[in-house]
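What you see is a predicted model; the values in this text were computed from it and never measured. The first residue in the sequence is number 1, and the count goes up from there. No hydrogens, no waters, no symmetry mates; every other heavy atom, side chains included, goes into these values.
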Amino acid sequence: MIIFFVSCTNKVGNQLVTMTEKMAVGSNSFVLSDSLYRSENSRLTKYLLTFSNHSEEGEDLFRFIKAKREKNNLIKNYSEALFLDDSVSVASSSFALGEYYQYNLVQDSSYYYYNKSVQYYKGIKNKEHLQRTYLSLSILLCDRGIFQEAELYLDNAIDLNNKQVNAYTSYAQTHVMGMVKMGLEEYDKAIECFNQANFLLDNVEIKDQYNDYQIALNKLAIKNYLVRAYISKHEYDIADVITNTALIDVNFLKEEDKGLFLPLLLNKKVRVKLRTEKYKEALGYITNLLEVDKRLGNEYSLNLDYILYAEYFFRTGDINKARQYVDKALVSARKYNDLLTQKKALELLLIYDKENIKANFYSYKEVNERINHSNNTVRSSFAKLKYESDSLITSIELLKNQYFIIVTISTTVVLVLLGVLIFIVFRNKAKEINMVQMYQKDTEKYYDSIIHIQNKVNAVQEIERKKFAKELHDGVLNKLFVTRFSLQQLEKEDLQSAKDMLANEVQEVETFIRHSSQTLLNEDKFLVSDFKQLIEELVMLQNRSKNTYFSCFVDARLDLEILSHRVKVNIYRILQEAFQNVQKYAEASACVLELVYVSETTFTIVINDNGKGFDVKTIKKGLGLKNMGDRLHAINSKLAIDSKEGMGTVISFDILLI
């Protein structure tokens with residue numbers, strides 16, 4: 001058993017490492033390494049929030065990551081931790097792999113390992129590291145534009161705060177919350193968060209985590225986000241002031257950090273000048289921005305520069321140049337599958353290019369749909385990765401406990417299954433016996449009813465035979481006797497008048513016999529003497545089904561026996577059809593049959609169920625409703641149906657007693 005457990009653990013560990021290698025290959029479809037792209041994604045945020053005094057001031061972020069966190073070493077540490085079943089080491093190595101893949105823009109793998117780290121930190125109840133992992137997940141999701149889920153992870157991190165949360169933790173959470181609110185387009189809340197984060201950077205406790213240069217970097221990043229928020233709110237004067245101070249601060253940065261922030265701030269400066277119609281100043285900043293991005297080799301930034309050039313020329317009336325720059329940006333963006341830049345270019349064309357508005361609209365619609373599809377794909381991919389991570393961790397935990405509890409579980413399962421099996425057998429046997437008894441009772445009752453009805457039919461038939469024999473004796477035989485007597489008294493002189501008289505007599509006999517034969521042929525054999533009892537038995541018979549309870553009410557003032565046999569037969573058949581419809585379609589829990597006294601000459605039959613009902617106007621009438629209508633028409637009555645969806649159904653018709 002121990003050998004089995006260890007082999008299973010090794011197998012799971014190998015699966016995880018193999019999965020790591022597969023996910024690491026599948027990077028983003030659009031990954032550029034230029035400064036503008038990096039400066040507004042999760043790598044810079046992680047740099048600003050976690051690159052603290054444990055690193056030397058002059059050490060570049062990416063050299064630091066490469067030197068300290070080589071991929072092969074990380075995977076080796078992770079595999080060894082899994083093999084040794086060291087939860088603390090698995091949690092820390094998972095987090096390290098998540099950071100590595102996040103810095104290298106392999107977000108799927110990063111998300112997978114961060115979630116694995118969350119599960120292990122929960123297991124060992126390490127709140128501090130769990131809080132840090134939640135924050136990293138929130139930053140990662142912000143980078144992919146999944147802001148609702150990012151806010152949930154950030155809320156999880158905030159919920160773990162102690163009463164005396166330190167200034168660095170408050171700052172990091174407030175900074176990321178500002179990013180989330182920016183992504184959710186809640187700009188006022190984003191501005192509030194970034195202002196609070198800027199205030200927290202002045203706290204003395206922050207110096208335990210950051211040196212002066214790193215604080216300056218964070219303040220500059222906050223200014224960048226504030227400018228974005230104010231531009232989105234169309235408050236360009238405030239955005240312009242903040243941009244000016246930020247451009248001054250950039251001059252004091254190292255060259256590698258200046259390359260991150262300068263294109264970003266120049267881009268926003270151009271947008272402010274264009275929105276405030278200061279075109280000459282805007283052109284100067286665009287030219288400067290283009291030179292910087294070409295020098296740094298920023299392909300993504302160059303595309304955005306072309307869009308700014310196009311907007312400038314559209315606003316100043318040079319439509320041809322504007323279109324050239326838009327086309328240039330679109331060609332490059334399509335080359336790198338940069339959907340967001342394509343969307344920005346097409347938005348610009350929709351505003352200014354009125355001649356091709358229809359074609360531009362369809363292109364914009366297609367790109368927007370692709371962006372939405374991409375976002376949904378990312379959400380599904382992350383959800384699937386989280387599920388797989390949780391499932392694998394659960395499997396490992398089950399394997400860890402398997403050796404100690406397998407005998408107990410097996411015994412318990414066998415006993416439970418045996419008890420369940422015995423219970424099921426006895427219950428099914430009891431149901432079978434009850435079912436047989438029920439059908440026996442129903443069969444006995446059914447045949448008793450048939451015998452009762454047959455006795456009644458035979459009695460009525462006997463009465464009818466006697467009645468018919470009397471008619472034959474008093475009618476036909478008497479007429480035949482008169483005819484025979486008349487034939488004997490015939491005389492030649494009175495032949496014609498006697499002939500006419502005999503012909504009339506024979507015709508009367510023929511008419512009587514034809515009428516009697518038709519009556520015998522058409523009269524239904526359904527002859528009963530207690531019609532009320534027959535109806536009540538029909539209702540009780542329906543209760544063999546447990547789905548619907550049928551009940552019956554017959555007004556005591558009614559004398560149903562005065563109805564003709566033909567009327568009784570039609571009423572009985574109509575009730576049979578109505579009950580069958582309730583059983584098949586109504587899904588009702590109760591159905592009531594009422595025979596209501598109206599007057600000495602009329603009563604009403606009502607069938608009322610509390611089922612799902614239907615729309616009387618749109619329902620397709622089947623053969624059953626048609627037959628009911630035909631039978632009622634034959635006895636001079638008419639069917640009325642009142643039903644609404646969800647309100648049950650009421651069927652009624654009037655019957656004449658005479």
Any chance NZ of K321 has more than 12 other-residue heavy atoms, nucleotides or ligands included, within less than 6.0 Å?
no
Derivation and outcome, side chain to side chain contact (heavy atoms under 4.5 Å, CB included), residues M177 and M182:
CA-CA 8 Å; M177 183 61 77; M182 183 77 72; over 6 Å; no
In terms of heavy-atom contacts, C193 and T174 come closest through O-CG2, 3.1 Å
Practice prompt. Look at the aromatic rings of Y225 and F194 and report parallel, tilted or perpendicular, splitting at 30° and 60°.
Written response: parallel
Rounded to the nearest 0.5 Å, the CG atom of L340 sits from the CG atom of N368 at a distance of 10.0 Å
Report task. Would you indicate whether the side-chain heavy atoms of Y168 and Y210 approach each other to under 4.5 Å? Result -> yes
Is a side-chain donor-acceptor pair under 3.5 Å present for N156 with Q131? no
Open item on the list: Between S332 and N303, is there a side-chain donor-acceptor contact under 3.5 Å, judged purely by atom types and distance?
Closed with: yes
Step by step, work out the side chain to side chain donor-acceptor pair (under 3.5 Å) result for N360 and S363. CA-CA 5 Å; N360 293 331; S363 298; 5.4 Å; no
Side-chain touch K116/Y78, heavy atoms, less than 4.5 angstrom | yes
- prompt: Taking atom types as modelled, is there a side-chain donor on N224 or K268 under 3.5 Å from an acceptor on the other?
  reply: yes
Looking at Y325 versus Y312, is the centre-to-centre ring distance below 6.0 Å?
-> no
Q.
Using a 6.0 Å cut-off, check whether atom CZ of F252 has over 12 heavy atoms from anything other than its own residue.
A. no
Result for side-chain contact (heavy atoms from CB on, under 4.5 Å) between R271 and one of I231, L304, T276, V227 points to I231
Of L220, L265, L217, the one forming a side-chain contact (heavy atoms from CB on, under 4.5 Å) with D249 is L220
To the nearest 0.5 Å, atom OH of Y362 lies from atom CD1 of I357 at 11.5 Å
Heavy-atom nearest pair, K254 first then Y213, reads N-OH, 3.1 Å
Can you confirm whether S110 sits close enough to Y114 that some side-chain heavy atom of one is under 4.5 Å from a side-chain heavy atom of the other? yes
| query | Around atom NZ of K233, are there more than 12 heavy atoms of other residues, nucleotides or ligands at under 6.0 Å? | reply | yes
What one should report as the nearest heavy-atom pair of L266 and L289 is CB-CD1, 3.7 Å
Taking the side chain as every heavy atom from C-beta outward, state whether K127 and Y121 have any atom pair closer than 4.5 Å. no
Treating N162 as the side-chain partner and Q164 as the backbone partner, does any N or O pair qualify as donor plus acceptor under 3.5 Å?
no
Rounded to the nearest 0.5 Å, the CD atom of E149 sits from the CG atom of L154 at a distance of 13.5 Å
* Where does the angle between the aromatic ring planes of Y171 and H175 fall among parallel (under 30°), tilted (30 to 60°) and perpendicular (over 60°)? -> perpendicular
Checklist entry - If we ignore angles and hydrogens, is there a donor and acceptor under 3.5 Å between the side chains of N244 and K269? => result yes
Derivation of the side chain to side chain contact (heavy atoms under 4.5 Å, CB included) call for T133 and Y153: CA-CA 9 Å; T133 311; Y153 279 116; over 6 Å; no
Separation between CD1 (I158) and CG (L135), nearest 0.5 Å, reads 9.0 Å
What one should report as the nearest heavy-atom pair of F147 and V180 is O-CG1, 3.8 Å
Criterion salt bridge (charged side-chain N to carboxylate O under 4.0 Å, His left out) on K189 and E192, from CA distance to verdict:
CA-CA 5 Å; K189 292 183 179 180; E192 180 182 347; over 6 Å; no
Just wondering, do S92 and Y120 contact through their side chains at under 4.5 Å, heavy atoms? no
d(S301 OG, L296 CG) to nearest 0.5 Å is 8.0 Å
side-chain contact (heavy atoms from CB on, under 4.5 Å) with V326: of F314, F313, Y352, Y306, only one passes, and it is F314
Separation between CD (E235) and CG (L226), nearest 0.5 Å, reads 11.5 Å
### Exam field: side chain E205 to backbone A167, donor-acceptor pair closer than 3.5 Å
yes
Polar contact flag, side-chain donor to acceptor under 3.5 angstrom, D155-Y134: no
Is a side-chain donor or acceptor of D257 paired with a backbone partner of L253 at a separation under 3.5 angstrom? no
Evaluate V367 against E347 for side chain to side chain contact (heavy atoms under 4.5 Å, CB included), listing each step before the verdict. CA-CA 11 Å; V367 169; E347 286 175 347; over 6 Å; no
Practice prompt. Check whether any side-chain N or O of K278 sits under 3.5 Å from a backbone N or O of R275 as a donor-acceptor pair, and report yes or no.
Written response: no
For E311 and L348, the nearest pair of non-hydrogen atoms, with its separation, is N-CD2, 3.5 Å
Using side-chain heavy atoms (C-beta onward) and a distance below 4.5 Å, is L302 in contact with D305? yes
Any side-chain to backbone donor/acceptor pair from R315 onto Y279? Under 3.5 Å, distance only. no
Checklist entry - So does E128 have more than 12 non-hydrogen atoms from other groups sitting under 6.0 Å from CD? => result no
* Asked: Is any side-chain heavy atom of H129 closer than 4.5 Å to a side-chain heavy atom of F95?
  -> no
Check: In terms of side-chain heavy atoms, does D240 have a donor or acceptor partner in T243 at a distance below 3.5 Å?
Finding: no
Are the side chain of T341 and the backbone N or O of D338 linked by a donor-acceptor pair below 3.5 Å? no
Under a plain distance cut-off of 3.5 Å, with no hydrogens placed, do R132 and N126 share a side-chain donor-acceptor pair? no
Nearest heavy-atom approach of A190 to G178 is CB-O, 3.7 Å
Determine yes or no for a side-chain-to-main-chain donor-acceptor pair under 3.5 angstrom, with Q214 supplying the side chain and N211 the backbone. yes
List the steps, then state whether salt bridge (charged side-chain N to carboxylate O under 4.0 Å, His left out) holds for E366 with K343.
CA-CA 10 Å; E366 179 187 357; K343 182 179 178 181; over 6 Å; no
Checklist entry - Does some side-chain heavy atom of L290 sit less than 4.5 Å from a side-chain heavy atom of L308? => result no
Quick one: do the D353 and N356 side chains pair a donor with an acceptor below 3.5 Å?
yes
Could you check whether atom NZ of K219 has more than 12 heavy atoms from other residues, nucleotides or ligands sitting under 6.0 Å from it? yes
Donor-acceptor pair, S89 side chain versus D86 backbone, under 3.5 Å?
no
Is the backbone of A150 close enough, under 3.5 Å, to the side chain of S138 for a donor and an acceptor to pair up by distance? yes
